[in-house]
Structures are given as C-alpha cells and as structure tokens.
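All values reported here derive from a predicted model rather than from experimental measurement. Below, read A as the first sequence line, B as the second, and so on, with proteins coming before strands; counting in each chain starts at 1.
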There are 2 protein chains.
Amino acid sequence: MNTKEAILKATLRLVNEYGFYHLNMKQLAAEAGISVGTIYLYFNSKEKLINELYKNIIRDFNAIVLKGYEEGRAFKQNFFEMMRNAIDHYIQNPDRFSFIEQYTYSPFLFKETKEENLAILEPIEKIIKEAKKENQVKDLPETLLIALSYGPIVGMMKLFIVGKTDLKKKMQKELLLEACWQSVSIQ
Amino acid sequence: MNTKEAILKATLRLVNEYGFYHLNMKQLAAEAGISVGTIYLYFNSKEKLINELYKNIIRDFNAIVLKGYEEGRAFKQNFFEMMRNAIDHYIQNPDRFSFIEQYTYSPFLFKETKEENLAILEPIEKIIKEAKKENQVKDLPETLLIALSYGPIVGMMKLFIVGKTDLKKKMQKELLLEACWQSVSIQ
DNA sequence: AAAAAATGAATGAACGTTCATTCATTTTTT
DNA sequence: AAAAAATGAATGAACGTTCATTCATTTTTT
C-alpha cells in the first residue's frame, strides 16, 4: 500500500470513530504510520483531505454499482445486479457507508466535491430513466422511484450498523432486494 | 423567546450552515443576540449543547408523529396519519431533518443521547409491531418493514433539500405516502 | 413611600491550550 | 553525489472556557 492510500485509509477509520472535529493530524499520522509533515506532501489541508476521500469513495462505489449494468439486458436483471452490488459493497465496507451518509449533506464538502456528490445516485437514476421511457416501471415521478429503490437500502444499512439486523444473511438481503423491486416494478 | 431557546435556535441554524467544526462560540453568541459567557450559563460545553439540541429535536419529532396515533383505530389510518405528520414536520423544518440525518449516527452524541437516538424510529416501530401481530402487514422481518416505511421518506426529503423534487405539492406527498403504504401492506 | 441592600443574569476581556501548518534537517532513493 | 522523500520540532492563530465585574430588578429596611 502506498503512502497516499495509507493516509486515506487512516482518515476513514478515524473520522468514523471520532468525527472530523476530533480528528487531529498528529493522531492521523500515527494511525497511518507516517509523520505529520508527510500528510502535507499529499494533501494541501485537512479539509482537502476529507474532500479527496469523499471523491474516492463515491467513485469506487459508482464503479462497482455500474458493473451490474449491461447494455441491452432486461431492466429487471440490471436492477437486481446493480442493487446487489451496492448492498454487498456497503456490507463489506460499513465504514464507507457511514462516511457517505455523514458527509454527503454536510457543509464540509466543497462545491466542486458536491457536484460529484449527487453522483451517488447517478447509476440508479440512469436505469430508472431508461426503464421509465419504456414503461417498465410504475408511473410515478422519477424522484419517487429513486427514493423507493434506494431509500430502504439505506434504511436497512443503518439498522445493520447499529446491530439491529443481520444483512449478511443471504435471506435478509434477498428479501430487501425483492421488496425494493416490488415497489418500483409494475405488478 | 427565552435565552435558552434563542441559543438552541441559533445553534441549529449555524451548525447546518457551517458544521460543528466551523461553529464557534463567539459567532453563535452573536447569532443568538447574547454574549459568549451567557451560553455557559445554560450549557456546560459546546458538545453538551449539541446533545441537548439533538434531544429536543427528537423529542418534538416523536411527539408530533405520535399525535397521528389513536388507540384502537385501524392500522392503515394510523399509518397514514403518523407518516403524514412526519413528512409535514420535516417539510416545514428542513433544518431539523438535516440535523437529525447528520448527527444521529455521528460520534458527537454521548451514549446517554444515543439511547434517545434510536427513539427516532420508535413510533414507527410501535405500529409496525402491532400490525404484524395482527397480520395486517406483509410477512417480512420487522426491520425490513421499518426500512420500507421510513426509508423512502428520508430519500425523498434528501432530494427535496437539494431542490430535486417539490414535496410541498400535495400530489407528491400523497404519492409518497401511498407508495410507502403499498410496500408494507398486504395487497 | 423612599432608601438601602441583595440578587443573579449577562457581559466580554483574558487565558490556557489545542492543533493545523511550516520548514530546516535528515534519510532514502536514484 | 545529487535529487527526492520523509521527518518532527517549532510556530502562532484560533478558540473554548473562565470569571471578575456590571447593572437592572427585586427584596428588605427605615
């Protein structure tokens, strides 16, 4: 692992544990196994660092979700694959999920980063739009269809993180996916 | 408005605009129209202040949602009333919604406050449990039913806040409510 | 009824401490 | 030997918190 990655990884861990307010550079350097000065060779400031981390996490997430998409394949299959990828990625990286939830709507993100922000719903928006054009989905406003597909997943992840549900069980995950599908698809 | 309320109100506004990190006591005092020292007559510390604000907001929210509940009334009617109250309250106080979303899972909250925390889903949990006992709701895990009821509302609120949808329109709101109902009720 | 005394909420300057950032020096790589 | 990368002590601005002091209001005394 190179130094830059080590810094980002340490930031993710500490910021989730203590919050941006209590995260200090000395502690961060220790966690990453480098010295304070080194951080500044890679990132201009503490805030820039958070923004870079955010962008990386969103980029990775979108790339992984998009792997579930295949041009020309049935909407249903694309929907399931993409959503499954999203859930799996979150389950394996709950810290990334928490981080996204915490910072997507926070005032820390620069405008420049915020543009990348809405992009967290971009892959979902994409297939919903396509499906709507072809009437493969309920006749509801696009935004509502997005909220119905993604909202319950976020909700379950939050319950998962506080230990109220075990999304790692195959059954739970499949029930969730099926339920999301039911609420957008034509019966 | 008494001094304590003025401080809480100013905190909500500034913390949403700048975040806890950039919120400083001098600025806060100015916003509340008092002087720094006065804040400490009402709250022991900056963190205590945030925790008090959080508790107040959750308490108000739950009380308002619970106003939609009537002992002995049909589940469907309770569900609609409670959810409508939640949505209305959020629409009228988007800053409260943002604050809850931002801090519910943040490391700033004291353990003591976190206990009040899960309480944000308490009223919903309550009616879902009741309905499940009487088979008035789909045969799915309780947590999933909660995520299906509340998740899309959170999702829509987020889109509302960034201006992607107009939840103030009666139609939008009713479609959202109906969709949430569809995903938990027996067809 | 007037004067004196007591109260305590509010003030804001002062203070200690934290902590992001810098940069001269050292270590490592080429 | 030169260049590049890393170190970490030093800096100083920022800021949360304290606390002596003020003063409008209330209570007690005359």
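- Nucleotide D:dT17 holds its P atom 18 Å from the OH atom of B:Tyr42, rounded to whole Å.
- Side-chain N or O atoms of A:Asn2 include one that pairs as donor or acceptor with a backbone N or O of A:Lys4 at under 3.5 Å.
- Listed nucleotides C:dT11, D:dA6, D:dT17 differ in distance to B:Val36; the shortest reach to its side chain belongs to D:dT17.
- Distance B:Lys46 NZ to D:dC15 P: 8 Å, rounded to the nearest Å.
- Using a 4.0 Å cut-off, no side-chain N or O of A:Thr38 falls inside it from OP1 or OP2 of D:dA6.
- The residue B:Phe43 sits apart from the nucleic acid: no heavy atom pair falls under 4.0 Å.
- With respect to the salt-bridge test (charged N to carboxylate O, under 4.0 angstrom), the residues A:Glu5 and A:Lys9 do not qualify.
- When the P atom of D:dG8 is taken as reference, atom OH of A:Tyr40 falls 16 Å away, rounded to whole Å.
- In this structure, the NZ atom of A:Lys4 is 15 Å from the C1' atom of D:dA5, given to the nearest Å.
- The pair A:Glu101-B:Lys158 meets the salt-bridge criterion, since a charged nitrogen lies less than 4.0 angstrom from a carboxylate oxygen.
- In this structure, of D:dT17, C:dT11, D:dT7, it is D:dT7 that holds the atom nearest to the side chain of A:Leu41.
- Distance CD (B:Glu47) to P (D:dC15): 15 Å, rounded to an integer number of Å.
- Taking the six-membered ring for Trp and the full ring otherwise, the centers of A:Tyr90 and A:Phe61 sit less than 6.0 Å from each other.
- Between B:Lys132 and B:Glu125, none of the side-chain N atoms (NZ, or NE/NH1/NH2) sits under 4.0 Å from a carboxylate O, so this pair counts as no salt bridge.
- Between the side chain of B:Asp166 and the backbone N or O of B:Lys168, at least one donor-acceptor pair lies under 3.5 Å.
- When only modelled atom types and interatomic distance are considered, B:Thr113 and B:Asn51 share a side-chain donor-acceptor pair under 3.5 Å.
- Counting any heavy atom pair closer than 4.0 Å across all strands shown, B:Ile34 reaches sugar-phosphate atoms only and no base atom.
- Using modelled atom types, one finds a donor on one side chain and an acceptor on the other under 3.5 Å when comparing B:Thr165 with A:Thr143.
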Checklist entry - Would you write out the dot-bracket form of DNA chain D, 5' to 3', with Watson-Crick and G-U pairs under 3.5 Å, [ ] for crossing pairs, | for pairs to other strands and . for unpaired bases? => result ||||||||||||||||||||||||||||||
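- Rounded to whole Å, the distance from CD1 on B:Ile7 to P on C:dA9 is 13 Å.
- Checked against the 6.0 Å centroid threshold, B:Tyr21 and A:Phe20 count as a close aromatic pair.
- The stretch residues 17-32 of chain A comes close to DNA chain C through A:Leu23, A:Asn24, A:Met25, each having a heavy atom under 4.0 Å from the strand.
- Here B:Thr3 does not reach the OP1 or OP2 of C:dA9: none of its side-chain N or O atoms lies under 4.0 Å away.
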